Structure formats: structure tokens, C-alpha cells
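Down below is the structure, laid out as C-alpha cells.
In what follows, every heavy atom counts, from backbone to side chain, and hydrogens, waters and symmetry copies are set aside. This is a predicted model, so every value here is computed, not measured.
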Amino acid sequence: MLSTSHEPSPSSFASFILSLCKLHSFNYFSLSSHAITLKSHPSSTTHNRINSSILLLPSPSRIHTHALISHSISLSSKTMALETWLIKVKTAISNGLDSVRATAPTPKPIKKSTVGVLAFEIAGLMSKLLHLWQSLSDKNIVRLRNESICLEGVRKIVSNDEVFLLGLACAETVENLRLVAKSVSRISKKCEDSNLRSFERFFEEFADTGRDPHNWILSHKDVDVKNKKMDRLVTATSALYKQIEDVSVTETYLKKMYQCKDYDSTVKQQKITDLQQKILFQKQEIKYLKERSLWNRSFDTATSLLARSIFTVLARIKLVFGIGHEYIYPASLPRSLSASASATVYPSDNASSCHFVSGPLSKSYKHDEAMNSSNGTFFESNSMVLKPPTSTLGAAALALHYANLIIVMEKMIKSPQLVGLDARDDVYAMLPNSIRSGLRERLKGVGFSASDSILAREWREALGKILGWLSPLAHNMIKWQSERSFEQQNLMPKTNVLLLQTLFFANKEKAEAAITELLVGLNYIWRFEREMNAKALFECANFNGFLNLESSS
């Protein structure tokens, strides 16, 4: 048996048969066709045809050719067996791969993460932005110019400089927006959009240079649409928060009902069933509200709304207060952000006229100059404006304390006859050393008697006038502080109180002088009421004694 490496292939064997037929001048066409088809059709019919063709050859060549053909047929059979086995293996592998592909699970699309419980914080931020936008409306700008900075108390103990007061209003508005943006930048880190993740950098760049590369400033039409959408989301999220609290209360009551032994089994079971149905309904409502509210919104969706609103509010502030007019803002901004808003700030020279002249607040408030002098960023220069001077109550950390003191004295002045010795001592304990020393100086020349009704009436009138302009600042201080407490951080502010309308920037000496005057007047009318009461009691006692004597006699 020849080795496989020396065995002729069917193609070489066919070539040999053709050359042999040429050598003997035979008609080799039929032979070559039969030999060539050996590989693909090794049947008995084909084999017989080749044998009949071989008989035409001479006997020496016939013997050799027949041996070669027999060996080639054997080789072809082995090749066909190998090819058949390879085809079977290929088919098996192909079927296996197809079955694996068919059984392999289809990958599900990746779902963006939702804000979840952070919906309540985001709703609070949206509420603040809506409130800020409303505070910058034309109507409120007119009120700021004609009422807020014109309060008598503001003019008396804060400042009568309109430039300074408008600067405080602008700086506080910008600071409120900066605090909201700081919270939004923290939330934006969870976004998938790289631009939203870089919100903090883009916002600072816009504040410093006015550049808006992503066109986040909204047009007038888009502002209304986005604000309405945020308002709906805030309302739904607030309803969700209330519903979650209600279901928590109901579940707590259900747990107590399981442990309750005051009812018989039938009544108890009925109450438990009712509570379970109520909880089921509340949970269905929670599921519905989660779809309607911010709960199931993605971080990208929520942050996009917040970012666009923040950019638009800052653009509004800059245009209203005349900051950075060298920057070019898009023409799509609302008209009220430009000409009409500027026109509502400065009235015309004719005080009786209702018309307004065009001109932003930069006519008086030079925020850009403050920024250039401080050599800092927009927000750094803004924080410098809000830093209270050393001569103010804010710098001495006495603004809130004095506000509480003024409110207490206001109640006492309205009803001095109800003030006892303990309340009087409590008020005195609230006084700092500076007011105590001033009060001693004022009371040195005051006698012990307070029986002059005319003087008492004059004191009441004087105290009423002082409280008329001082009390609003004290109440505004309490409101301003309460709205910025930790419990109220995520809630919408209920008022438009500005820091300039409080005691924070009030001059310390002037405020303490007014408080001392209140204490001196309160001291007199308090003693006057006590003396009048004592006199009335004495006269009543004498009258009762006289009646007793008359009856006995």
C-alpha cells in the first residue's frame, strides 16, 4: 500500500489519462470526461464506461492504466467519506450556533436613572426659580423702585442713598440665584449629558462673560412654556409628598389597630379591612403621582429645565439692573427683559406722570465698577456688596435680636396695663450693655411720679410714630430669617422681603437710639397706667369704706 503522500489525486489521474490518449492517437474525449467525473460520481455505470474506453488502449498501457484507475477510485471513495464527515460536522456546528443565538436573551435597553426621592429637593429648587422670575416682573420692579427702597424706616436708619439700596436689591437677587445654581450643579453630576455635567463651569462663564454657547437662555414663548411645565411638576410633586405622608399615617394607624383590644372581633376586622383598602387606594394614587411628578423623570430632564431657567433668570437680572451691557444677548429674549423692563425702573422727571423713561439700573448702580475694583469674578464682587459695613446691626450680629426686642415692646406699648413686673424684668434682661447705659442716662432726670395724662398721651403718640417706621423692619427681619431656616429651605418663599427692608443693614447707633426712645416712653406710660390703676383701686376702696360706714350708722 502506497503512502497517502504519494497517492495521485483524481485531478492528476485525469491529466495522465488525457496525455496517454494523446500519445496513442485515440479519441480521448469520452475517456477524459468519464475519468474527470470520478471524483464527484464514482458510480458503477461511470466505472463501466471507463473500462470500455480502456479496452481501446494497447495491452501494456491497458494494464498500467487499469491499475491506476482502480487505485484512484479507492482514493476517491476515501475522499468522499472525509468530505461527507466534514459536511456533517459543519452542519452540526451551524445548528448549534443557531440554537445558541435563538436561546440567548435579547439585551434590554439601558434605562436612564430617575431622580427618585430627590424629586422633593428639585421641586423646591424649581419653586425658588419660579419665585425669582416672578420677583423680576415689571410690576415687582416698579414696586421695588417706588415702595421697597422708599420705606420710611429704610430711609431713616438704613440709607437714603438710592444707589446703595438698588445695589443691595440686585446683589441679594443674584445671591439667591447663586445658591440655587449651587444645588443644581450638585445634582447635575448625576446626568449622562456631558454639557449638563459641566453646568457649574458654563454658569460661571456666563456670569463673568455673558457667553451662552449652548443657547440655554429661553425666548419669551419658551419661558412661559417651561414655567408652566415646572409649575405642573412642582404641584404634582407636592401632592406626591402629601400622599406619601398620608399613607404613612394610615399604615401606622393600621399597626395600632392590629394591637387594639377595645373592639370586638367583627368591628375590629371591619376597621382593618377598611384601612387596608384605603392604603391600597393611596398606594395606587402614589404610583399615579410618581408618573406625573418629578419622581420618574431622569436627571437629564430635570437638570435641563433647571439650567435653562437659571440662565434666563440671570440674563433677566443683568438686563433689568443694567449689568454687563457690553455683552451681546440673543435677540430671542423677551421684550420685557430689555426695553420694557428697563423702562419700568426709572420714572420720568415729572413725578405726576405715569410714563417711564428708558434706562437700566446701571444709571445709578455701578455693579460693573465694583466688579472691576474687586478684581474678582461676578459672584465674588456680588458677595462683597452684601457684606454689611461695620457700623450696621448685621455686622454686630444683633439684627435678629433687636427685631425680637422691638416686637415685644410693640405688644407692651399697645397694652401697658397688662405688663407685669416679671415681663418688665425680662425685657430689661434682653438689653445689651450699650442700650442699658444709654437708658440709664435718659432716665436720670425722670421723676418717680408719672401722673401727667397729657405727657402720657404725647408719649403714646411719639411711640406710635416710632413703631410706624421701625416695626415693619423688625417684622421683615423675622420673615426673612424664617424663610431661610433649615425647615423652609425646600419650600417656596411666601413673601418678597429683601434684606434691605430689614434691620440687617440698619445703622447700629440710630437703631439703638430709637429702641432707647421706645424704652423711655414705655417706662413712662407703664408707670402712668400703674398709678392710674392704683389710684382707681384706692378710690374704690375709700368709696366702699364710706358705704360701709353709712350702712353701719
Would a 4.5 Å heavy-atom cut-off, applied to side chains only, mark [X] and [Y] as touching?
{"X": "W133", "Y": "T312", "answer": "yes"}
{"X": "E204", "Y": "T377", "answer": "no"}
{"X": "I157", "Y": "L503", "answer": "yes"}
{"X": "H131", "Y": "N496", "answer": "yes"}
{"X": "L518", "Y": "E410", "answer": "no"}
{"X": "F505", "Y": "L499", "answer": "yes"}
{"X": "S293", "Y": "Y241", "answer": "no"}
{"X": "I406", "Y": "L473", "answer": "no"}

Between atom [atom1] of [X] and atom [atom2] of [Y], what is the distance when rounded to the nearest 0.5 Å?
{"X": "L233", "Y": "M126", "atom1": "CG", "atom2": "CE", "result": "5.5 Å"}
{"X": "E245", "Y": "L240", "atom1": "CD", "atom2": "CG", "result": "10.5 Å"}
{"X": "M230", "Y": "L125", "atom1": "CE", "atom2": "CG", "result": "10.5 Å"}
{"X": "C170", "Y": "L165", "atom1": "SG", "atom2": "CG", "result": "13.0 Å"}

Taking everything shown except [X] itself, do over 12 heavy atoms lie less than 6.0 Å from its [atom1]?
{"X": "R197", "atom1": "CZ", "answer": "yes"}
{"X": "K189", "atom1": "NZ", "answer": "yes"}
{"X": "Y428", "atom1": "OH", "answer": "yes"}

R143 and N140: side-chain donor and acceptor closer than 3.5 Å?
yes

Is a donor from one side chain sitting under 3.5 angstrom from an acceptor on the other, for T250 and Q282?
yes

Residues [X] and [Y] bridged, charged N to O under 4.0 Å:
{"X": "R178", "Y": "E175", "answer": "yes"}
{"X": "R316", "Y": "D138", "answer": "yes"}
{"X": "K283", "Y": "E251", "answer": "yes"}
{"X": "K242", "Y": "D246", "answer": "yes"}

Would you check if the side chain of [X] reaches a backbone N or O of [Y] as a donor-acceptor pair within less than 3.5 Å?
{"X": "T516", "Y": "E512", "answer": "yes"}
{"X": "N296", "Y": "R292", "answer": "no"}
{"X": "S298", "Y": "T301", "answer": "yes"}

Minimum heavy-atom separation for [X] and [Y], please, with both atom names.
{"X": "S188", "Y": "T303", "value": "CB-CG2, 3.7 Å"}
{"X": "A474", "Y": "A403", "value": "O-CB, 3.6 Å"}
{"X": "V497", "Y": "E172", "value": "O-OE2, 4.2 Å"}
{"X": "P416", "Y": "E529", "value": "CG-CG, 3.7 Å"}
{"X": "L470", "Y": "A514", "value": "CD2-CB, 4.1 Å"}
{"X": "I317", "Y": "L177", "value": "CD1-CD2, 4.1 Å"}

Before giving the answer on side-chain contact (heavy atoms from CB on, under 4.5 Å), spell out for K128 and N176 the whole-Å C-alpha distance, their side-chain angles and the decisive distance to 0.1 Å.
CA-CA 9 Å; K128 291 179 180 180; N176 291 337; over 6 Å; no

From CA spacing to verdict: side-chain contact (heavy atoms from CB on, under 4.5 Å), S135, L132
CA-CA 5 Å; S135 67; L132 274 175; 4.3 Å; yes

Geometric cation-pi criterion, K318 with F378: 6.0 Å, 45°
yes

Using the rule given for side-chain contact (heavy atoms from CB on, under 4.5 Å), can you reason through Q481 versus T502, listing the C-alpha separation, both sets of side-chain angles and the distance that settles it, and then say yes or no?
CA-CA 10 Å; Q481 186 66 33; T502 68; over 6 Å; no

